[in-house]
Amino acid sequence: MLEKIRNEWKLFVQEQINEMAKNVLGDNAAVAELIIQIPPKPELGDIAFPLFSYAKILRMAPNKIAEALKNKIDSLSDKPEGELILAGPYLNVKIDVLALATKLYKSVLAEGSDYGKSNLYDGKKIMMEFSCPNTNKPLHLGHMRNDSLGMSVSAILAANGAEVKKVNLINNRGVHICKSMLAYQKFGNGETPESTGLKGDHLVGKYYVKFAQWEKEDDTAVDQAKAMLVKWEAGDTEVLKLWKLMNGWTLEGLAVSYEKTGVSFDKYYYESETYKLGKDKVLKGLDKGVFYKEEDGSVWIDLEEIKLDKKVVLRSDGTSLYMTQDIGTAVARHDDFPFDSLIYVVASEQQYHFKVLFYILKKLGYKWAKELHHLSYGMVNLPDGKMKSREGTVVDADDLFDTLASIAKKEIQEKERETQVDGLDKTANAIALSALNYYLLQVSPTKDMVFDPKKSISFTGNTGPYLQYMGARISSMVRMFEELKNSYASYSFDSSFLKEEEERELIKMVALYPEIVEKAGRDLDPSVICSYLYDLTKLFSKWYHDNKILKAEDNNFVVARMGLSTLVLQVIQNAFPLVGITFLESM
RNA sequence: GCGCCAGUAGCUCAGCUGGAUAGAGCAAUUGCCUUCUAAGCAAUAGGUCAUAGGUUCGACUCCUAUCUGGCGCACCA
């Protein structure tokens with residue numbers, strides 16, 4: 001709605017400038033496109049048009065242009081709604097916010113949970129690949145950023161009209177998997193999750209760490225692991241049995257972690273099933289001349305066209321590589337779900353891999369190849385540097401979540417809110433999860449980030465729980481208002497009772513929401529929504545701190561302010577699921 | 001060596017396609033709870049936007065160089 005008003009004014013002002021230019025320069029004056037901005041201060045209006053760039057053409061100082069434009073427009077009768085403000089070299093517009101509020105009130109209530117959805121990706125099928133864990137260890141903080149991003153971007157794309165398919169690719173084969181298996185075989189003594197009380201993935205992870213220690217003492221360790229992989233590929237029953245057992249443990253453990261952190265998929269792929277898929281495509285590409293064969297039998301692609309080196313796509317012994325597999329998997333996926341676009345959520349360290357993969361698929365003639373995207377995200381570091389599994393500095397996902405949940409629980413108890421809340425543990429978990437997701441998503445995906453475990457457990461300030469708290473506060477007012485509904489039966493929402501500065505700003509922010517969803521969808525960037533949510537709730541917070549809402553002196557004010565609060569609440573409820581925040585009625 | 005990315009307050013991060021005095025949170029100091037949940041609100045303090053040039057009426061934003069940090073450049077995944 002805001003966008004519409006802005007564009008109306010833009011077109012209109014542009015027209016006036018064009019006319020002015022014509023008078024000075026004649027008919028074919030080339031006039032630059034008008035720039036739209038938001039004024040830095042509310043008293044400067046709601047829309048700003050900087051006029052610097054016209055000074056030369058019109059041979060006038062920008063201030064004079066603004067003046068001339070204002071006079072010209074004020075004299076016209078047929079113009080968009082709003083009031084012009086002179087602000088030096090800027091021509092600003094103060095829009096009719098109360099009229100906007102009236103329209104907004106109707107449409108937001110009518111659209112409900114659909115408010116803010118866009119049709120940006122209407123009719124598009126988008127596949128999202130994320131998580132993709134190894135089955136040799138539990139999830140850590142790095143995975144959590146991946147999962148948060150994957151879930152959030154999926155939700156954002158869906159809110160923009162796309163049909164989204166979330167897929168996971170379980171990395172369950174390879175030497176690294178054999179390492180934990182081998183260590184277990186040697187030192188495991190038949191331990192099981194039941195006998196140790198350990199979660200399956202943690203038990204397996206224990207032996208992955210064990211391998212790293214053993215490897216230092218025995219230099220045949222790696223060779224033994226490689227030998228095990230050969231056996232695995234040959235279908236050795238003993239090895240396969242162990243593999244199935246341990247993989248099962250890990251997957252059970254991962255399922256618990258996913259469940260806890262609200263991560264879910266529409267389909268799972270397993271590397272043990274996909275790793276051979278690409279070979280066929282590579283051989284066909286060889287026939288077509290996309291690849292070439294070396295004397296030793298290995299198959300390569302020359303990447304000169306994209307200014308890169310050469311890359312192997314098939315080993316000399318004919319076996320598949322990571323690249324081979326990804327070629328095959330992409331094709332198989334397109335067969336499963338004919339996507340218009342496939343987005344890989346994978347850490348930035350693999351940028352090269354995806355550049356090459358996309359190029360190869362394009363060369364192989366798949367027309368959908370140009371719609372493949374690598375949503376590359378930065379590393380998660382700790383205050384004292386990188387996470388290193390070998391040095392035991394990784395932040396374990398389950399531990400972190402449990403710590404956060406227990407702190408949240410303590411908070412609720414300290415505030416004596418147990419009875420107000422919908423289940424102590426349930427609420428504590430929801431707070432922990434929201435804190436975590438918000439922490440991970442508020443940073444632009446492409447950037448590396450620092451995760452300070454000590455600071456991340458804070459629930460005050462710009463955090464997920466703060467947003468939840470605002471949602472709960474508004475919900476609480478709405479509940480009280482519902483109870484008193486009869487006393488307000490003869491009053492209806494009238495925006496003219498919303499005259500406070502903050503109310504104007506809140507109305508505009510509510511109107512802005514659809515654009516935010518669209519921007520987040522276009523940029524594949526959840527942080528856009530995080531920033532918006534924080535700005536919105538902070539503003540609301542200040543407003544309701546300074547003004548009485550339910551207890552306003554006049555019923556007209558109560559109804560108007562509750563109306564506005566309801567709009568804000570609706571936006572919050574619609575936006576939370578896009579960034580992994582649980583909406584709580586009470587906390 | 002080559003390529004990609006980043007460098008904004010003590011710390012963690014925003015800053016839209018160049019535009020009006022560079023913004024938050026945390027940490028610090030200080031006010032505000034018999035009144036809609038203080039997980040809150042407000043105030044003070046904190047900056048040569050890595051450095052040096054350039055483009056422009058105008059640069060945190062674009063270009064070049066330099067410095068610093070990260071990542072990549074496997075018949076590993």
Side-chain angles (χ1 to χ4, degrees), chain A residues 35-41 44 48 50 52-53 55-56 61-62 87-90 92 132 134 171 173-176 271 275 294 296-300 307-309 311-326 347-353 355 376 378-379 381 383 386 408 411-412 414-417 420 431 435 439 442-444 446-452 455-456 458-470 472-477 480-481 519 523 527-528 530-531 534-535 538 541-552 558 561-562 565 586-587:
Chain A
I35 292 166
I36 304 189
Q37 271 171 343
I38 295 166
K41 280 179 160 183
L44 292 171
F52 303 94
S53 53
K56 226 173 235 172
Y90 295 85
N92 293 1
C132 304
N134 292 332
N171 190 327
R173 63 166 289 279
V175 190
H176 52 299
E271 278 201 8
Y275 80 106
E294 278 291 341
D296 62 1
S298 55
V299 179
W300 296 70
K307 297 201 170 90
L308 294 172
D309 212 351
K311 182 86 190 168
V312 200
V313 291
L314 209 58
R315 287 197 186 93
S316 52
D317 63 7
T319 56
S320 294
L321 289 128
Y322 178 40
M323 187 62 76
T324 331
Q325 167 195 303
D326 263 6
S348 57
E349 51 192 359
Q350 292 194 33
Q351 282 181 45
Y352 175 82
H353 172 77
K355 203 182 259 181
S376 158
M379 307 273 111
N381 296 314
K386 269 195 88 156
E411 288 276 330
I412 298 169
E414 272 168 21
K415 292 176 202 302
E416 297 178 351
R417 300 281 304 170
Q420 322 285 326
I431 292 170
Y439 192 95
Q442 74 185 135
V443 180
S444 305
T446 53
K447 288 197 179 177
D448 286 358
M449 65 180 288
V450 173
F451 186 92
D452 187 337
K455 285 180 185 162
S456 70
S458 158
F459 292 161
T460 59
N462 187 356
T463 62
Y466 173 84
L467 303 180
Q468 289 179 302
Y469 178 65
M470 287 308 142
R473 289 295 299 268
I474 303 174
S475 301
S476 168
M477 287 194 293
M480 292 180 208
F481 184 67
K519 180 171 167 47
D523 299 351
S527 74
V528 170
C530 292
S531 310
Y534 183 65
D535 290 344
K538 191 176 159 58
S541 208
K542 180 177 165 47
W543 173 61
Y544 95 131
H545 182 269
D546 295 350
N547 298 281
K548 291 186 157 92
I549 296 176
L550 271 176
K551 298 186 176 172
V558 175
R561 287 175 182 174
M562 275 313 298
S565 302
S586 181
M587 68 184 278

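Letters A, B, ... mirror the listed sequences (proteins, then strands); counts begin at 1.
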List for me each residue that meets side chain to side chain donor-acceptor pair (under 3.5 Å) alongside [X], sequence neighbours excluded, and say none if there are none.
| X | value |
| --- | --- |
| A/Asp309 | none |
| A/Tyr469 | A/Arg473 |
| A/Asp546 | A/Lys542 |
| A/Asp535 | none |

Using whole Å, what does the distance between atom [atom2] of nucleotide [N] and atom [atom1] of [X] come to?
| X | N | atom1 | atom2 | answer |
| --- | --- | --- | --- | --- |
| A/Lys548 | B/C33 | NZ | C1' | 14 Å |
| A/Tyr534 | B/C41 | OH | C1' | 11 Å |
| A/Asp535 | B/A24 | CG | C1' | 8 Å |
| A/Leu44 | B/U21 | CG | P | 11 Å |
| A/Lys41 | B/G23 | NZ | P | 10 Å |
| A/Asp309 | B/C4 | CG | C1' | 16 Å |
| A/Tyr352 | B/A74 | OH | P | 7 Å |
| A/Trp300 | B/A74 | CH2 | C1' | 9 Å |

If only atom types and distance count, is the side chain of [X] paired as donor or acceptor with the main-chain N or O of [Y] below 3.5 Å?
| X | Y | result |
| --- | --- | --- |
| A/Thr463 | A/Phe459 | yes |
| A/Ser320 | A/Gln325 | no |
| A/Ser531 | A/Ser527 | yes |
| A/Asn92 | A/Leu44 | yes |

Mind checking A/Pro39 for me? I need base, sugar-phosphate or nothing, with any heavy atom below 4.0 Å counting as a touch. base
So what does A/Asn92 hit on the nucleic acid, given a heavy-atom distance under 4.0 Å: a base, only sugar-phosphate, or nothing? base
Output the single nucleotide from [options] whose closest atom is nearest the side chain of [X].
| X | options | answer |
| --- | --- | --- |
| A/Val443 | B/U37, B/A14, B/C36 | B/A14 |
| A/Tyr469 | B/C13, B/C36, B/G40 | B/G40 |
| A/Ser444 | B/A20, B/A39, B/A14 | B/A14 |

Reading RNA chain B from 5' onward, which residue's closest nucleotide shows up sooner: A/Glu349 or A/Arg315? A/Glu349
Position toward the 5' end of RNA chain B (nearest nucleotide), A/Ala408 or A/Leu308: A/Leu308
Minimum heavy-atom distance between [X] and [Y], given as atom pair plus value:
| X | Y | value |
| --- | --- | --- |
| A/Thr324 | A/Leu314 | CG2-CD1, 3.7 Å |
| A/Met562 | A/Phe481 | CG-CD1, 3.6 Å |
| A/Asp448 | A/Met379 | OD1-N, 2.9 Å |
| A/Ile431 | A/Gln468 | CA-OE1, 3.5 Å |

Mind checking the [atom1] distance from [N] to [M]? Whole angstroms is fine.
| N | M | atom1 | result |
| --- | --- | --- | --- |
| B/G46 | B/A14 | P | 24 Å |
| B/G15 | B/U61 | C1' | 9 Å |
| B/U30 | B/U35 | P | 25 Å |
| B/A27 | B/A45 | C1' | 12 Å |

May I ask you to evaluate whether [X] reaches the phosphate of [N], defined as a side-chain N or O under 4.0 Å from OP1 or OP2?
| X | N | result |
| --- | --- | --- |
| A/Lys519 | B/C16 | no |
| A/Ser541 | B/C41 | yes |
| A/Arg473 | B/A38 | yes |
| A/Lys542 | B/G40 | no |
| A/Tyr466 | B/C41 | yes |
| A/Lys447 | B/A14 | yes |
| A/Ser476 | B/U37 | yes |
| A/Lys551 | B/U35 | no |

With 3.5 Å as the limit, what N/O pairs link the protein to nucleotides 9-11 of chain B?
| unit_1 | atom_1 | unit_2 | atom_2 | d |
| --- | --- | --- | --- | --- |
| B/C11 | O2' | A/Lys455 | NZ | 3.2 |

Going by the rule side chain to side chain contact (heavy atoms under 4.5 Å, CB included), which residues pair with A/Gln420 if we only count those two or more places apart in sequence or in a different chain? A/Arg417, A/Ser586
Sequence neighbours excluded, which residues qualify as side chain to side chain contact (heavy atoms under 4.5 Å, CB included) partners of A/Lys538? A/Tyr466, A/Tyr534
Do A/Met587 and A/Ile412 have side chains that approach each other closer than 4.5 Å (heavy atoms only, starting at C-beta)? no
A side-chain contact here means heavy atoms from C-beta on lying under 4.5 Å apart; do A/Glu294 and A/Ser316 qualify? no
Quick one: pull up CD1 in A/Ile474 and OH in A/Tyr544 and give me the separation to the nearest 0.5 Å. 8.0 Å
Output for pair (A/Arg561 CZ, A/Asn547 CG), nearest 0.5 Å, gives 5.0 Å
Syn/anti state of B/C71 by chi, 90° boundary around 0: anti
Under 3.5 Å, which protein N or O atoms sit close to an N or O of nucleotides 58-61 of chain B? Give each pair with its distance.
none

Partner residues of A/Glu411 under the salt bridge (Lys or Arg N to Asp or Glu O under 4.0 Å) criterion, sequence neighbours left out: A/Lys415
Watson-Crick and G-U pairing of RNA chain B written in dot-bracket, each distance under 3.5 angstrom, with | for inter-strand partners: (((((((..((((.....[...)))).(((((.......))))).....(((((..]....))))))))))))....
Pairs under 3.5 angstrom, nitrogen or oxygen only, protein versus nucleotides 30-32 of chain B, please.
none

Under 3.5 Å, N/O pairs linking protein and nucleotides 67-70 of chain B:
| unit_1 | atom_1 | unit_2 | atom_2 | d |
| --- | --- | --- | --- | --- |
| B/G70 | O2' | A/Asp448 | OD2 | 3.4 |

